[in-house]
Amino acid sequence: MLNSKLNFLIRRGVAEIITEAELVKLLESGKPLRLKQGFDPSTPDIHLGHVVGLRKLRQFQELGHKVILIIGDWTAQIGDPSGQSVTRPMLSPEQIEANAQTYMKQFFKVVDKEKTEARWQSEWYDKFNLSDVFKLTSKFTVAQSLAREDFSKRYSAGRPISLTEMLYPILQGYDSVAIQADVEFGGTDQKFNCLAGRELQQMMGQPPQQVFLVPLLIGTDGSDKMSKSLGNHIGIDDPPREMYGKLMSIPDPLIIDYFELITDIPNPEIAEFSQQLATQSINPMILKKRLAHEIVTQFHGNKAALEADEHFARVFQRRELPEEMESISIGLKSASEIEVQRDITRLLVKAKLAKSRSEARRLLAQGAVDIDGQKISQESVTLKDGNVIRVGKHDFRKVKFQG
RNA sequence: GGAGGGGUGCCGGAGUGGACAAUCGGAGCAGGCUGUAAACCUGCCGCCUUUGGGCUACGUAGGUUCGAAUCCUACCCCCUCCA
């Protein structure tokens, strides 16, 4: 039956497989499979939500299968309607190209480049003419489109749905035909699109692809799926400290999900964590530190993770100054000056600690600003070289004189 | 093509001639509490300012008025029903 590796592959961090029996048969056949993963270069930055699926791809690759990465340069012009409540704006070709490059750079931080074939949709769609479009679209009905939840919701809420959006699943589906995909990967919100591929392949005489759906990772706000536009994301290009800090700020109920979906920690150990949380025999903060460490290690290496550990403990737990911080330079009239008078609101704006002077004044009034630990309320301040300006709990700048 | 409804701040959504930089909720920011969790409490939440005030903003462009988010005209966009 299933060996343990295979079991892990299709059970851990998987939402749904259509159909599992067929997929297992394919995997056991020993044939290298063509794994389809598409993306729209409309959103160039990969975050931990994407990593859930990318890690799966990696695991399949380790068993000898091949990833076909589809660069959706045509679908990006439409905008994926999945989970959207509004029509997305179209993008320029230049923007798409630039985004695709950024995306691939990040993609290969998780997925093995050597076992990946990148294909652009334009390889086949550039050749399409209107009669090809007719042939393709005639295979689907409006009722089928409206069957999907996001469309039906928008429709009944009286929100617009453009015709091109209805085209989206069909185009994505045809990609599967074009590259003869064996398995398509995606988040659960991709179910409809992936199934369209399955149907289309059958209509066009190909064996239907299997659909491998991974759960959607909840973002740092603890309520919605992780997405850049919601601002609840943790980017894989985030610097170590920031990544660590964001992970520490996730709500407790997310801890186990994160361990399951984006780390390699074995199931029994996660079960133990879960038990500890349920019985309150551990401070969840300890587990989050472990989680943060694991994930920062994945993307930045162990050394950076250790450094982030230390930085977090120092700045956020012990409320001490960070080891190094950004500086703000102050121009001097003459090198002999040892202290100067400055308007703090201007400095805060200059140092990007406040968006406007109005905001800086508000911060001041709220007691959010201090210099060397001394809370200040006056706009005019006396500064010396090496003073540390702090805004809020953890934004620091070191004053640097430049004569 | 016809009839009707609507476009307000990051989002939702009040406001239908002056007291509106615009009720309220959410998001966000700051302070308290804490585990940079949640919950909770408090304050802030357009820009500039010599703190008097000034400027920009309620789809766009004009107009009426001492005064317009609110009235008029044209235009743009969205939705619903009929065809």
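Computation of the quantities below employed the complete heavy-atom set of this structure, encompassing side-chain atoms and omitting hydrogens, waters and symmetry-equivalent molecules. First the proteins, then the strands, lettered A, B, ... as listed; each starts at 1. Keep in mind that this is a model prediction, so the values were computed, not measured.
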Legend entry - Partner set under salt bridge (charged side-chain N to carboxylate O under 4.0 Å, His left out) for A:E324, not counting sequence neighbours: A:R241
Legend entry - Span that lies between the C1' atom of B:C47 and that of B:G63, in whole angstrom: 29 Å
Inset, instruction - May I ask you to say what A:G392 touches in the nucleic acid, namely base, sugar-phosphate or nothing, with a heavy-atom cut-off under 4.0 Å? - result: sugar-phosphate
Inset, instruction - With syn defined as a glycosidic angle within 90° of 0 and anti as everything else, classify B:G52. - result: syn
Legend entry - Integer-rounded Å distance: B:C11 C1' and A:D224 CG: 12 Å
Legend entry - Heavy-atom neighbours of A:E320 CD exceed 12 at 6.0 Å: yes
Inset, instruction - Let me know the distance between NZ of A:K289 and C1' of B:G35, rounded to the nearest Å. - result: 10 Å
Inset, instruction - Would you mind reading off the distance between A:Q276 atom CD and B:A37 atom P, rounded to a whole angstrom? - result: 21 Å
Inset, instruction - Using whole Å, report how far CZ of A:R318 lies from P of B:U36. - result: 12 Å
Inset, instruction - Establish, with yes or no, whether the OP1 or OP2 oxygen of B:G31 is under 4.0 angstrom from a side-chain nitrogen or oxygen of A:K393. - result: yes
Legend entry - Span that lies between the P atom of B:A39 and that of B:G26, in whole angstrom: 11 Å
Inset, instruction - Identify whether any heavy atom of A:R319 sits under 4.0 Å from a base atom; if not, whether one sits that close to sugar-phosphate; answer base, sugar-phosphate or nothing. - result: base
Inset, instruction - With pairs defined as Watson-Crick or G-U wobble and both distances under 3.5 angstrom, please note down RNA chain B as a dot-bracket string, | for pairing with another strand. - result: ((((((((.[[[..)..(.....]]].(((((.......))))).(((....)))...[[[[[..)....]]]]]))))))).
Legend entry - Interatomic distance at C1', B:C71 relative to B:C58, whole Å: 15 Å
Legend entry - Comparing A:F312 and A:V391 on RNA chain B - which has the more 5′ nearest nucleotide: A:V391
Legend entry - Spacing between A:K288 atom NZ and B:U34 atom P, to the nearest angstrom: 16 Å
Legend entry - B:U36 OP1/OP2 closer than 4.0 Å to side-chain N/O of A:Q317: yes
Inset, instruction - May I ask you to say what A:I250 touches in the nucleic acid, namely base, sugar-phosphate or nothing, with a heavy-atom cut-off under 4.0 Å? - result: sugar-phosphate
Inset, instruction - Take atom C1' in B:C72 and the same atom in B:C24, then report the distance between them in whole Å. - result: 31 Å
Inset, instruction - Kindly state each residue pair satisfying ring pair (Phe, Tyr, Trp, His ring centres under 6.0 Å) with at least one member in residues 266-304 of chain A, sequence neighbours excluded. - result: A:F259-A:F273
Inset, instruction - At under 4.0 Å between heavy atoms, which parts of nucleotides 39-51 of chain B does protein reach? Answer with one letter per nucleotide, 5' to 3': B base, S sugar-phosphate only, - none. - result: ----BSS-SBBSB
Inset, instruction - Can you tell me, in whole Å, how much space there is between the P of B:G7 and that of B:A69? - result: 15 Å
Inset, instruction - Return yes when atom CD of A:Q374 has more than 12 non-hydrogen atoms of other residues, nucleotides or ligands closer than 6.0 Å, and no otherwise. - result: no
Legend entry - C1' spacing across the pair B:C29 / B:C81, given as an integer number of angstrom: 46 Å
Legend entry - B:A21 to B:U56 separation - C1' atoms, rounded to the nearest Å: 10 Å
Inset, instruction - Report the C-alpha separation of A:E62 and A:R58 in whole Å, then their side-chain angles, then the decisive distance to 0.1 Å, and conclude whether the salt bridge (Lys or Arg N to Asp or Glu O under 4.0 Å) test is met. - result: CA-CA 6 Å; A:E62 279 161 10; A:R58 176 83 197 197; 3.3 Å; yes
Legend entry - Most 5' of A:K375 and A:D252 on RNA chain B, judged by nearest nucleotide: A:K375
Inset, instruction - Round to a whole Å and report the spacing from CD1 of A:I286 to C1' of B:U36. - result: 14 Å
Inset, instruction - Could you tell me the separation between the CD1 atom of A:I218 and the C1' atom of B:A38, rounded to a whole number of Å? - result: 16 Å
Legend entry - Presence of salt bridge, A:K66 and A:E114, under 4.0 angstrom: no
Inset, instruction - Give the rounded distance in Å between these two atoms: CD1 of A:I376 and C1' of B:A30. - result: 15 Å
Inset, instruction - Indicate yes or no: does A:E260 engage A:R11 in a salt bridge with an N to O separation below 4.0 Å. - result: no
Inset, instruction - In plain terms, say whether A:E117 and A:R119 are close enough for a salt bridge, that is, a side-chain N and a carboxylate O under 4.0 Å apart. - result: yes
Inset, instruction - Can you sort out the partners of A:F107 under ring pair (Phe, Tyr, Trp, His ring centres under 6.0 Å), two or more places apart, ordered by chain and number? - result: A:Y103
Inset, instruction - Could you list the residues that satisfy salt bridge (charged side-chain N to carboxylate O under 4.0 Å, His left out) with A:D252, not counting sequence neighbours? - result: A:K288
Inset, instruction - Can you tell me, in whole Å, how much space there is between the C1' of B:U65 and that of B:U70? - result: 13 Å
Inset, instruction - Give A:P251 one of three labels, base, sugar-phosphate or nothing, depending on what nucleic acid heavy atoms sit under 4.0 Å from its own. - result: sugar-phosphate
Legend entry - A:K400 NZ: over 12 foreign heavy atoms closer than 6.0 Å: no
